[in-house]
Visitor: 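This is the structure I want to talk about, given as structure tokens.
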2 protein chains.
Amino acid sequence: MSNKTVKSHHHGDLREALINSGIQLLNEGGMNALSLRKCAAAAGVSHAAPAHHFSGLQGLVAAIVDRGMAMFACAMQKKIDQADNEPIARLLAMCDGYLGFAIENEGLAYLMFNQKNDFMENQQQGRNANAAFNILVDSCAPFKDGPKGPLATQYAVWSLIQGYTHLFQMGQLKADQACPTVDFTDLLAMLNLEIESNIDC
Amino acid sequence: MSNKTVKSHHHGDLREALINSGIQLLNEGGMNALSLRKCAAAAGVSHAAPAHHFSGLQGLVAAIVDRGMAMFACAMQKKIDQADNEPIARLLAMCDGYLGFAIENEGLAYLMFNQKNDFMENQQQGRNANAAFNILVDSCAPFKDGPKGPLATQYAVWSLIQGYTHLFQMGQLKADQACPTVDFTDLLAMLNLEIESNIDC
DNA sequence: GACAGCAGCTTGACAGTGTCAAGATTATTG
DNA sequence: CAATAATCTTGACACTGTCAAGCTGCTGTC
């Protein structure tokens with residue numbers, strides 16, 4: 001497939017090619033369009049070749065999720081960097097990036113967010129996932145925790161944006177009836193978020 | 001299989017049996033354990049028999065989701081009926097039933113909540129789904145809508161409980177680190193919920 | 001009561017899937 | 001250069017959903 005070299009027995013960068021093919025299949029045909037054999041075919045390679053780079057389908061999925069997490073973290077960070085240097089604006093920007101990523105990468109995001117997460121256990125695998133998670137944590141850091149204990153703000157925001165994104169992905173937020181779509185900004189505004197004193201940046 | 005009648009060519013209630021087998025398979029072996037052929041085998045019937053009751057796997061899934069929605073609505077209503085006759089208590093009870101159902105029926109709930117919803121379009125199919133949805137709507141009805149428009153309360157609560165449930169299903173709420181699990185009550189307490197005046201029950 | 005029609009189910013086949021074992025080819029290393 | 005390891009191919013297997021064709025027994029009509 002390469003025009004630089006004559007066709008070799010070795011692909012050269014099959015692992016990368018398989019991940020890319022997988023993401024493309026996901027975003028084109030949704031969850032059920034992903035298969036080892038189709039990835040192999042898209043990379044111009046025999047059906048059993050992927051087994052030497054991933055331990056079965058689950059391994060390919062893990063690699064795709066890992067790649068997706070890097071893209072996800074990047075998408076959120078980009079929005080945050082464009083926002084005003086103020087806690088609420090940055091939090092909203094993070095959520096904007098969260099939802100935007102899920103919209104622009106529908107199949108990939110579905111795979112990522114609906115996969116049981118063993119990342120915390122496989123430390124090696126989850127570096128990108130942790131990076132994405134830390135962006136969420138950092139965005140919530142300037143706000144006081146609720147009276148009922150620490151982390152409440154963080155999990156409230158996470159649940160809210162994840163739930164909203166999920167409802168969107170499942171087509172539950174269509175504005176087909178009289179009511180217009182409820183914007184996420186309005187939902188976040190309902191949360192009691194108090195800025196901790198003496199915080200800059 | 002029945003001890004009342006001799007074995008007949010006809011099963012008698014195959015449709016029900018297939019749905020029940022499907023739910024059992026889901027809750028025992030998770031999402032990937034569900035297959036038409038295994039449902040058929042569990043019902044003691046040939047592999048192609050389901051095709052005469054459902055239009056393929058998708059049809060069986062739709063029937064299972066429909067059944068699940070009835071159970072879901074029942075679970076929420078039961079909790080609400082046990083709660084104090086007061087808006088906040090009833091809202092919390094609804095969320096308790098929501099999460100509890102997902103915990104007690106892991107595989108089924110995963111199938112239900114991660115399926116793109118065509119219920120609003122297939123009016124006939126979605127009666128049970130609408131019943132469950134209406135319980136959510138009714139639980140939010142006593143509360144004022146936010147300043148930014150109607151339905152904000154409803155979608156904030158829905159996003160929050162769905163997101164929290166989803167994080168739980170994906171194993172993101174484990175209290176493995178120093179922090180204990182964040183209770184949903186604490187998250188709901190962070191929402192600005194004002195009771196509308198002149199409402200009883 | 002007999003017979004046609006039909007719904008319920010079976011059998012057999014097909015393409016697609018993941019996974020394994022064995023072998024062929026290429027790159028790397030001593 | 002030769003041995004070894006990495007990479008990929010080929011072939012096979014069990015499992016999946018789906019379709020076509022046929023068998024079985026119930027139901028309704030004359």
Side-chain angles (χ1 to χ4, degrees), chain A residues 1-2 4-26 28-65 107 110-111 114-116 118, chain B residues 1-2 4-26 28-65 107 110-111 114-116 118:
Chain A
M1 295 300 263
S2 167
K4 282 186 186 175
T5 66
V6 291
K7 182 174 179 180
S8 153
H9 183 75
H10 287 248
H11 179 281
D13 209 357
L14 182 55
R15 192 188 145 91
E16 286 296 303
L18 289 171
I19 293 176
N20 292 334
S21 300
I23 292 178
Q24 192 170 349
L25 284 172
L26 278 171
E28 281 174 353
M31 190 57 202
N32 292 334
L34 177 67
S35 88
L36 272 177
R37 289 172 110 107
K38 272 188 273 191
C39 285
V45 115
S46 87
H47 67 264
H52 293 265
H53 294 273
F54 310 102
S55 58
L57 179 61
Q58 209 166 358
L60 174 61
V61 167
I64 289 177
V65 169
Y110 183 91
L111 185 73
N114 293 281
Q115 206 71 15
K116 280 208 176 179
D118 307 331
Chain B
M1 296 299 264
S2 167
K4 282 185 185 175
T5 65
V6 291
K7 181 174 179 180
S8 154
H9 183 76
H10 288 250
H11 179 281
D13 208 358
L14 183 55
R15 192 188 145 91
E16 286 296 303
L18 290 171
I19 293 175
N20 292 334
S21 299
I23 292 177
Q24 192 170 349
L25 284 172
L26 278 171
E28 281 173 355
M31 190 58 202
N32 292 334
L34 177 67
S35 88
L36 272 177
R37 289 172 109 108
K38 273 188 273 192
C39 286
V45 115
S46 85
H47 68 263
H52 293 265
H53 294 274
F54 310 102
S55 58
L57 177 62
Q58 210 167 357
L60 174 61
V61 167
I64 289 177
V65 169
Y110 183 90
L111 185 72
N114 293 281
Q115 207 69 16
K116 281 208 176 178
D118 306 332

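So you know, we letter chains A, B, ... as the sequences are listed, proteins then strands, and number each from 1. In this text, all values refer to a predicted model and were calculated from it rather than measured experimentally.
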Visitor: Starting from P on dC15(D), measure out to CG on L34(B) and report it in whole angstrom.
Guide: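 About 17 Å, once rounded to whole Å.
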Visitor: Taking CZ from F54(B) and P from dC9(C), how many angstroms apart are they, rounded to a whole number?
Guide: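 In whole Å, dC9(C) P lies 11 Å from F54(B) CZ.
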Visitor: Rounded off to whole Å, could you give me the CG-to-P distance for the L60(A) and dG18(C) pair?
Guide: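 After rounding, the gap between these two atoms is 9 Å.
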Visitor: Looking at F54(B) and A63(B), what are the two nearest heavy atoms and their distance?
Guide: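 It is CE2-CB, 3.5 Å.
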Visitor: Given atom CZ of R15(B) and atom P of dC9(C), what is their separation to the nearest angstrom?
Guide: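 Distance check: R15(B) CZ to dC9(C) P gives 13 Å.
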Visitor: Could you measure the distance from the CD atom of Q58(B) to the CD atom of Q115(B)? Nearest 0.5 Å is fine.
Guide: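 It is 7.5 Å, given to the nearest 0.5 Å.
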Visitor: Kindly compute the distance separating CG (L25(B)) from CG (L111(B)), expressed to the nearest 0.5 Å.
Guide: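 That separation rounds to 12.0 Å.
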Visitor: Roughly how far apart are L60(A) CG and H53(A) NE2, rounded to 0.5 Å?
Guide: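 These two atoms lie 11.5 Å from each other.
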Visitor: What is the distance, rounded to the nearest whole Å, between atom CG of L57(A) and atom P of dC15(D)?
Guide: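 These atoms are roughly 18 Å apart.
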Visitor: Round to the nearest Å and state the distance from L36(B) atom CG to dT10(C) atom P.
Guide: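 It is 14 Å, rounded to the nearest whole Å.
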Visitor: Just grab all the side-chain hydrogen bond (donor to acceptor under 3.5 Å, both in side chains) pairs involving residues 28-45 of chain A, residues at least two apart or on different chains.
Guide: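 Counting only pairs at least two positions apart or across chains, the side-chain hydrogen bond (donor to acceptor under 3.5 Å, both in side chains) contacts touching residues 28-45 of chain A are Q24(A)-E28(A).
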Visitor: Tell me whether the OP1 or OP2 atom of dT10(C) has a side-chain N or O from H52(B) closer than 4.0 Å.
Guide: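 Looking at the OP1 and OP2 atoms of dT10(C), neither is under 4.0 Å from any side-chain N or O of H52(B).
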Visitor: Between the protein and nucleotides 11-16 of chain C, list the N/O to N/O atom pairs that are separated by less than 3.5 angstrom.
Guide:
from    : atom 1 : to     : atom 2 : distance (Å)
dG12(C) : O6     : H47(B) : NE2    : 2.8

Visitor: Round to the nearest Å and state the distance from H53(A) atom NE2 to dC8(D) atom C1'.
Guide: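 It is 8 Å, rounded to the nearest whole Å.
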Visitor: Distance check, rounded to the nearest 0.5 Å: N20(A) atom CG versus D13(A) atom CG?
Guide: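 Atom-to-atom, N20(A):CG and D13(A):CG are 8.5 Å apart.
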